[in-house]
Amino acid sequence: MRAVSNQRYLRERQVRMFSSMTPPVLGEVICLECCREEDAHSLVFEKVPPVAHYIVGTLLVFLLFFGISGNAVSIILFHSSRKLQTPENLFFLNLSVIDLIMVLSSQLLFCVTSFTLHPPTRVVCKLVGSVATFGGIGSIVSQTAIAYDRYVMIC
């Protein structure tokens, strides 16, 4: 009985925390940190059925396949054709390599997580998050360089 009332108390406090813009008091933060992450998550959101995870995982497998094949084809074409090896196309090669790294790290982890229904360890999450962050920054820089190069060529 105490566990049910404690969960109800936590749910009410957490709903108040997320619904109002006022910062929580110290006791609420400590109480929520004492919970396991799964318990704190289930207090706010309803549980998703496993079929939804399998559907999302299947879609992610298709995205993984097309991401790997598309970027690999562009990298292979750049290296196989001497005509495509220009300084302008080097920006596209850079973008393809960064996208391939992003697909292989984060997209692969998302697929595995969708089918196994178990989240990875904190170390893996931090590593993939770091790769995704640097990959996103590299992608933005590559696209900016492509845009600037096109601007200089036109003007």
Q: Please tell me if the side chains of Ser106 and Val131 come closer than 4.5 Å, counting only heavy atoms from C-beta onward.
A: no

Q: Among Val56, Leu64, Thr58, which residue satisfies the side chain to side chain contact (heavy atoms under 4.5 Å, CB included) criterion with Leu60?
A: Val56

Q: Give me the atom names and distance for the closest heavy-atom approach of Met153 to Glu88.
A: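 Heavy atoms only, the tightest pair is SD-CG, 4.1 Å.
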
Q: What pair of heavy atoms forms the shortest contact from Ile98 to Ser142, and how long is it?
A: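 Shortest heavy-atom contact: CD1-OG, 3.9 Å.
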
Q: For Phe78, is there any backbone N or O sitting under 3.5 Å from a side-chain donor or acceptor partner on Ser81?
A: no

Q: Which pair of non-hydrogen atoms, one from Val103 and one from Asn71, has the smallest distance, and what is that distance?
A: CG2-ND2, 4.5 Å

Q: Taking the side chain as C-beta and beyond, is there a heavy-atom pair between Phe115 and Val61 under 4.5 Å?
A: yes

Q: Are any non-hydrogen side-chain atoms of Asn94 and Leu90 less than 4.5 angstrom apart?
A: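 The answer is no, as the side chains (C-beta and beyond) never meet within the 4.5 Å cut-off.
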
Q: Which heavy atom of Ile75 sits nearest a heavy atom of Val97, and at what distance?
A: CD1-CG2, 3.8 Å

Q: Kindly indicate whether the side chain of Ser74, heavy atoms from C-beta on, has any atom under 4.5 Å from the side chain of Leu93.
A: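 Ser74 vs Leu93: side chains apart.
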
Q: Any donor and acceptor pair, going by atom type alone, linking the side chain of Thr133 with main-chain N or O of Gly129 inside 3.5 Å?
A: yes

Q: In Å, rounded to the nearest 0.5 Å, how long is the span from OH of Tyr151 to OG1 of Thr144?
A: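 Tyr151 atom OH to Thr144 atom OG1 measures 15.0 Å (nearest 0.5 Å).
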
Q: Taking Gln85 for the side chain and His79 for the main chain, is one N or O donor matched with an acceptor at less than 3.5 Å?
A: yes

Q: Can you confirm whether Phe110 sits close enough to Thr113 that some side-chain heavy atom of one is under 4.5 Å from a side-chain heavy atom of the other?
A: no

